[in-house]
Amino acid sequence: MRKNILLAAGLLFSISSQAQLLDIIKSTVKTKTGVDLDNPSQTKNSTTQTTTTTTTAPAKTSPINLGNLTSTQISSGLKEALSLGVTDGVKKLALTDGFLKNEAVKILMPEKLRKIDTTLRSLGMGSLADEGVKLLNRAAEDAVTEAAPIFTKAITSMTITDAKNILLSTDNAATNYLQTKTQSQLFTAFQPKVKASLGKVGADTVWKNLISKYNTFTGQSVTTDLNEYVTTETINGVFKMVADKESGIRNTPAMRTTSILQKVFGAQDAK
């Protein structure tokens, strides 16, 4: 009988100890993790709520919001910006000294002929060298008007997809698009015009004389294709002017002189 009493007491003590140990474990888990083992459903709801809150946090939005712009507006805005750049650029370059007095686009002597410039100046013939450079620029000023109809055709053919990609791209994206579409056409149109212009302003005669004198004094035989050189430099000058205009419209609100420019390019101000 006594043995049974002792056995029962030991069993009760063991159960009591296990219960205490379980309480300690529960308390520790709750303290360390926040999980209540006595009420796991409440813990699950709490975890779900936390996850939901994290998931529904506001997502970052694009710095350019096109939501208020229609495809037609985007296309019209880009076409107008390019048209302004072309019209303004060609008009300025076609003036007398449009190339010559604009250091950004002024046509210098071809690189392989620049030693002619140095040599002539050292021989007291600086005025002849200056005249040669001036006439290269005069030919460009005369030829540049050929660009307008080619640019107009390229701008008109711009698609809505092209326009959206251009608006969301870099500062010179519209100019780069125009250059891709018109580079070869411009060269084909400019070259005969430049050749005629070189003759009209007397550049071909002056340069033949200039190169002849250089070759006589140095004993060398220097030649260059002035027509190709001036054609390429004229095209580069036009695109430089268009790029400057595009960058101004993109970055200077005061240069957006129409409502469509203000609306379309205003959308990318936060960029």
Side-chain angles (χ1 to χ4, degrees), residues 57-95 97-107 140-141 143-187 189-190 231-271:
K60 291 183 178 180
T61 57
S62 169
I64 299 180
N65 180 14
L66 300 181
N68 296 326
L69 295 175
T70 66
S71 297
T72 301
Q73 286 173 327
I74 294 171
S75 179
S76 297
L78 264 297
K79 288 179 180 180
E80 184 160 324
L82 276 175
S83 295
L84 283 173
V86 167
T87 302
D88 189 52
V90 170
K91 183 178 178 181
K92 288 178 178 177
L93 292 176
L95 296 172
D97 292 334
F99 273 88
L100 186 64
K101 296 294 178 68
N102 185 338
E103 292 300 323
V105 297
K106 179 180 178 180
I107 299 175
E141 291 157 10
V144 74
T145 53
E146 295 293 310
I150 297 172
F151 282 142
T152 299
K153 182 178 178 181
I155 293 169
T156 304
S157 66
M158 181 189 293
T159 67
I160 288 172
T161 300
D162 289 333
K164 284 184 176 179
N165 290 337
I166 290 168
L167 181 63
L168 295 169
S169 193
T170 58
D171 273 4
N172 293 337
T175 305
N176 292 338
Y177 165 84
L178 199 60
Q179 189 164 6
T180 300
K181 295 290 184 181
T182 63
Q183 181 86 29
S184 61
Q185 297 175 61
L186 287 172
F187 194 90
F190 273 25
T231 298
T232 301
E233 290 301 299
T234 303
I235 292 171
N236 291 341
V238 172
F239 284 123
K240 175 68 171 63
M241 297 293 283
V242 175
D244 287 348
K245 189 73 172 182
E246 179 189 356
S247 180
I249 291 173
R250 283 184 183 272
N251 299 300
T252 309
M255 291 184 67
R256 300 165 194 164
T257 54
T258 66
S259 59
I260 190 64
L261 289 178
Q262 292 162 7
K263 188 173 184 65
V264 171
F265 288 95
Q268 50 101 74
D269 281 344
K271 198 165 150 183

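Keep in mind that this is a model prediction, so the values were computed, not measured.
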Qualifying residue for side-chain contact (heavy atoms from CB on, under 4.5 Å) with Val86, from Thr152, Leu178, Thr175
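Between Val86 and the candidates, side-chain contact (heavy atoms from CB on, under 4.5 Å) is satisfied uniquely by Leu178.
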
Between [X] (side chain only) and [Y] (backbone N and O only), is there a donor and an acceptor less than 3.5 Å apart?
{"X": "Ser157", "Y": "Ala154", "result": "yes"}
{"X": "Glu141", "Y": "Phe99", "result": "yes"}
{"X": "Ser76", "Y": "Thr72", "result": "yes"}
{"X": "Glu246", "Y": "Ala174", "result": "yes"}
{"X": "Asn251", "Y": "Ser247", "result": "yes"}
{"X": "Gln73", "Y": "Thr70", "result": "yes"}
{"X": "Arg256", "Y": "Arg250", "result": "yes"}

How close do [X] and [Y] get, counting heavy atoms only, and between which atoms?
{"X": "Lys240", "Y": "Ala104", "answer": "NZ-CB, 4.1 Å"}
{"X": "Leu261", "Y": "Gly77", "answer": "CD2-O, 3.5 Å"}
{"X": "Phe239", "Y": "Gln183", "answer": "CE1-OE1, 3.8 Å"}
{"X": "Ser75", "Y": "Ala163", "answer": "CA-CB, 3.6 Å"}
{"X": "Lys263", "Y": "Leu69", "answer": "CG-CD2, 3.6 Å"}

Looking at [atom1] of [X] and [atom2] of [Y], how far apart are the two atoms once the value is rounded to the nearest 0.5 Å?
{"X": "Asn176", "Y": "Asp171", "atom1": "CG", "atom2": "CG", "answer": "10.5 Å"}
{"X": "Asn236", "Y": "Thr231", "atom1": "CG", "atom2": "OG1", "answer": "11.0 Å"}
{"X": "Asp244", "Y": "Ile249", "atom1": "CG", "atom2": "CD1", "answer": "11.5 Å"}
{"X": "Glu146", "Y": "Ile150", "atom1": "CD", "atom2": "CD1", "answer": "7.0 Å"}

Is any side-chain heavy atom of Met241 closer than 4.5 Å to one of Asp88?
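When only atoms from C-beta onward are counted, Met241 and Asp88 do not touch, as no gap falls below 4.5 Å.
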
Is any side-chain heavy atom of Leu78 closer than 4.5 Å to one of Phe265?
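Answer yes - side chains close enough.
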
Would Met158 and Leu82 satisfy side chain to side chain contact (heavy atoms under 4.5 Å, CB included), going step by step from the backbone distance to the final call?
CA-CA 11 Å; Met158 181 189 293; Leu82 276 175; 3.3 Å; yes

Are there more than 12 heavy atoms of other residues, nucleotides or ligands under 6.0 Å from atom NZ of Lys79?
yes

Side chain to side chain contact (heavy atoms under 4.5 Å, CB included) between Phe151 and Leu186, intermediate numbers included:
CA-CA 9 Å; Phe151 282 142; Leu186 287 172; 3.6 Å; yes

Checking side chain to side chain contact (heavy atoms under 4.5 Å, CB included) for the pair Thr234/Ile107: CA distance, chi angles, key distance, verdict?
CA-CA 8 Å; Thr234 303; Ile107 299 175; 4.2 Å; yes

Lys181 vs Lys153, test: side chain to side chain contact (heavy atoms under 4.5 Å, CB included). Steps then yes/no.
CA-CA 10 Å; Lys181 295 290 184 181; Lys153 182 178 178 181; over 6 Å; no

Do Asp162 and Thr159 have side-chain N/O donor and acceptor atoms under 3.5 Å apart?
yes

